[in-house]
> 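Take this structure first; my questions come after.
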Amino acid sequence: MTIVFLGLWVALPWQGALVLAVLLALWMFAFRSGTQTRSVAMVGISTLRQRLGSSAVIVVGIAGVVGVLVALLAMAEGYGQTLRNSGSLDTAIVMRGASANEVSSSLSREDLVQIEQAPGIARNAKGEPIISAETVVAANLPVRGSKVGDEGSAQVRGISEAAFLVRPNVKIIEGKAFQPGLRELVIGKGAVRQFEGLKVGATLKLGNQPWTVVGIFASGDAMESELWADANVVNDAYRRGAGRNSATVKLENAAAIKTFSEALEANPQLKVKASTTLDFFAKQSEQMTKVLRIIGITVGAIMAVGAVFGALNTMFAAVATRAREIATLRAIGFRGLPVVVAVMLETMLLALIGGAVGGIAAWALFNGFEASTMAAGSVGKLSFNLSVSPGLLWEGIKWALAIGFIGGLFPAVRAASLPVTAALREL
C-alpha cells in the first residue's frame with residue numbers, strides 16, 4: 001500500500017497536491033480528530049528549536065538529495081530544451097526515408113529538384129522556393145581550456161543562403177556572414193565556448209584546406225554549437241559531390257506539412273520522408289534525455305535511502321523522548337490517528353524545508369550552467385545550459401515529501417501503538 005501511495009504521489013501534479021493540502025486543512029479545523037491532530041502537531045512543532053541538531057539531520061540530508069537530483073535532471077531538461085528550441089511547426093526537414101538523422105541521410109541533386117517542386121513550400125519575393133539543402137561533416141578542433149591538447153568533434157554544416165530564412169532566429173552578433181563561393185565560416189557562440197581559437201579573423205584547417213572565421217552567430221538552440229559555411233565549398237573540400245544530407249524548407253504555414261509530406265511520399269521518384277523540424281529535434285532529444293533522467297533518478301534514489309534512515313533515527317528518538325507526553329494525551333481521550341498524523345506532519349514539515357533548501361541551492365548553482373556533450377544523431381558536441389525549471393523544483397519537493405513520509409511513518413505508528421501504561425512508566 002505504501003509503495004502504491006508513493007507511486008501515485010510521484011505522478012501527482014502540483015494542482016493535485018494543493019487540493020490534498022486544502023482537504024487536510026479543512027479536516028484539521030472541521031473535525032474533532034483533526035482538531036486533536038492540530039493540537040498535537042503544534043506541540044511537536046513548537047519543540048523543534050529544542051531539537052535543532054536532530055532536526056537539522058533531516059533537513060540537511062533531504063536538501064542534499066533534492067539538490068543532487070534537481071541538478072542532474074536539469075542536465076536532461078537543458079539538453080532537451082536546447083534541441084526542442086531548434087525546431088518549429090512551420091519548417092520541415094527532408095531526409096532519406098530510412099534515415100534516423102542527418103548524418104546517415106543522403107539526397108542526390110535530382111532528389112533536391114523534386115523536393116523543390118512539392119506543394120506547401122513557402123516562396124520568397126522572387127517566387128523561388130525557400131529551401132536550404134545542407135551537408136553535415138565533422139571537424140576535430142582543440143578543446144578550450146585543455147592542458148594536454150585534447151581535441152573534440154565539431155559539426156560543420158554546409159548551407160545555402162536560404163538557411164537564414166528557414167531559421168530566422170539565427171543572428172550574426174559579431175563580424176559578418178560568409179560570402180558564397182569562399183572558404184569562410186560563421187561560428188555559433190556555443191562552439192566558441194567549447195573550442196579554442198574560434199574568433200573572428202582566425203584561420204582553421206578543415207578538409208585539409210584553410211578557412212577563415214568571418215562571423216559569430218547566436219540562435220538560442222542546437223545550431224549554436226555548429227560551424228556554418230557555403231554548402232558547395234564544403235562539398236568540394238570534403239569531396240561530397242553535388243549531393244546533400246538533408247533539406248530544410250520553409251512551409252506556407254504549419255498545416256502545410258501534411259500536403260508537403262504526402263506529396264513527397266506519393267512521388268515514385270523519391271524515397272524520402274518529411275517531418276516538422278519540431279518533431280525531428282524532439283525525437284533526437286528523447287533518448288539522451290531519458291538516459292540523463294535515469295542517471296539522475298538512480299543517484300537520487302541511492303541518496304534517498306540514506307536520508308530515509310536519517311529521518312527514521314531522528315523521529316524514533318523524538319518519539320521516545322515524548323513517549324510520556326503522547327501516552328498522557330491518549331489517556332485523556334486523544335485517539336491514535338491524530339497522534340500518527342501529527343508526527344507525520346512534523347516530519348513532512350522538516351522534509352519540506354529540506355526540499356526547498358535543496359531546490360533553491362540547485363537553482364542558484366546550476367541554472368544556466370554551461371555544459372556540452374555529443375548530440376544524438378550528430379557528429380559534433382552540443383553546447384547547452386542546464387535548466388532548473390519550476391517543474392523540476394516541484395519534482396524535488398515531491399521527492400523530499402516522499403522521503404519525509406517514509407521516515408515519519410514507522411515512528412508515528414509506534415507512537416500511536418505504544419501501550420499507555422508502559423509509556424507512562426518511562427522516565
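Note that the structure is a prediction, hence the values are computed from the model and not measured. Position 1 is the first residue of the sequence, and the numbers go up from there.
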> Do side-chain atoms of Trp211 reach the backbone of Leu185 as a donor and acceptor pair under 3.5 angstrom?
no
> So, does Thr35 use its side chain to make a donor-acceptor pair with the main chain of Phe31 at under 3.5 Å?
yes
> Check for a donor-acceptor pair, side chain of Gln155 on one end and backbone N or O of Met223 on the other, with a separation under 3.5 Å.
no
> Please identify each residue that fulfils side-chain hydrogen bond (donor to acceptor under 3.5 Å, both in side chains) with Asn169, with sequence neighbours left out.
Asp221
> For Ala282, is there any backbone N or O sitting under 3.5 Å from a side-chain donor or acceptor partner on Asp279?
no
> Just how far is it from atom NZ of Lys250 to atom OG1 of Thr91, taken to the nearest 0.5 Å?
6.5 Å
> In the structure I gave you, are the side-chain heavy atoms of Phe280 and Glu102 within less than 4.5 Å of one another anywhere?
yes
> Under 3.5 Å, is there a donor-acceptor pair between the side chain of Asp150 and the main chain of Val143?
no
> Spell out, as yes or no, whether a donor-acceptor pair under 3.5 Å connects the side chain of Ser285 to the backbone of Leu83.
no
> Under the side-chain contact (heavy atoms from CB on, under 4.5 Å) rule, collect the residues that match up with Asn385, sequence neighbours excluded.
Arg193, Glu370
> For Phe309, enumerate each residue passing the side-chain contact (heavy atoms from CB on, under 4.5 Å) test, keeping only those at least two apart in sequence or located in another chain.
Val305, Leu312
> With sequence neighbours left out, write down each residue that passes side-chain contact (heavy atoms from CB on, under 4.5 Å) with Ile353, or none if nothing qualifies.
Val59, Leu349, Val357
> Could you measure the distance from the CD1 atom of Ile130 to the CZ atom of Phe164? Nearest 0.5 Å is fine.
14.5 Å
> My understanding is that only one of Asn245, Asp230, Asn235 makes a side-chain hydrogen bond (donor to acceptor under 3.5 Å, both in side chains) with Thr135; could you say which?
Asn235
> Once rounded to the nearest 0.5 Å, what's the spacing between atom CE of Met95 and atom OG of Ser246?
7.5 Å
> Within the structure provided, determine whether Val186 and Val170 are in side-chain contact (heavy-atom separation under 4.5 Å).
no
> Hey, are the side chains of Leu393 and Trp14 touching, using non-hydrogen atoms and a 4.5 Å cut-off?
no
> Is there a donor-acceptor pair closer than 3.5 Å between any side-chain N or O of Lys171 and the backbone N or O of Pro168?
yes
> Do Glu224 and Val192 make a side-chain contact, defined as non-hydrogen atoms from C-beta onward lying under 4.5 Å apart?
no
> Check each of Ile297, Thr298, Val291 against Ile294 using the side-chain contact (heavy atoms from CB on, under 4.5 Å) test, and report the only one that passes.
Thr298
> So that I can tick it off, tell me whether Arg167 and Glu226 are bridged by a salt bridge, with the cut-off set at under 4.0 angstrom between side-chain N and carboxylate O.
no
> For Glu161, does the CD atom sit with more than 12 other heavy atoms under 6.0 Å from it, leaving out its own atoms?
no
> Output the distance between atom CZ (Phe384) and atom CZ (Phe369), rounded to the nearest 0.5 Å.
10.0 Å
> When the ring planes of Phe217 and Trp228 are compared, do they come out parallel, tilted or perpendicular, using 30° and 60° as the limits?
tilted
> Go through the structure and list residues passing salt bridge (charged side-chain N to carboxylate O under 4.0 Å, His left out) with Arg293, not counting sequence neighbours.
Glu395
> Are the side chain of Thr212 and the backbone N or O of Glu184 linked by a donor-acceptor pair below 3.5 Å?
no
> Would you say the side-chain atoms of Arg183 pair up with the backbone N or O of Val233, donor to acceptor, closer than 3.5 Å?
no
> Checking the side chain of Ser225 only, and the main-chain atoms of Ser383 only, is there a donor and an acceptor separated by less than 3.5 Å?
yes
> Hey, does Ile216 have a side-chain heavy atom less than 4.5 Å from the side chain of Val200?
yes
> Once you round to the nearest 0.5 Å, how far does OG of Ser219 lie from CD1 of Ile172?
10.5 Å
> In Å and rounded to the nearest 0.5 Å, what is the CE to CG distance from Met75 to Leu292?
5.5 Å
> If we ignore angles and hydrogens, is there a donor and acceptor under 3.5 Å between the side chains of Asn85 and Thr82?
no
> With sequence neighbours excluded, tell me which residues meet side-chain contact (heavy atoms from CB on, under 4.5 Å) with Leu24.
Trp27, Met28, Leu345
> Inspect the contact between Asp111 and Arg244 and indicate whether a charged nitrogen and a carboxylate oxygen are less than 4.0 angstrom apart.
no
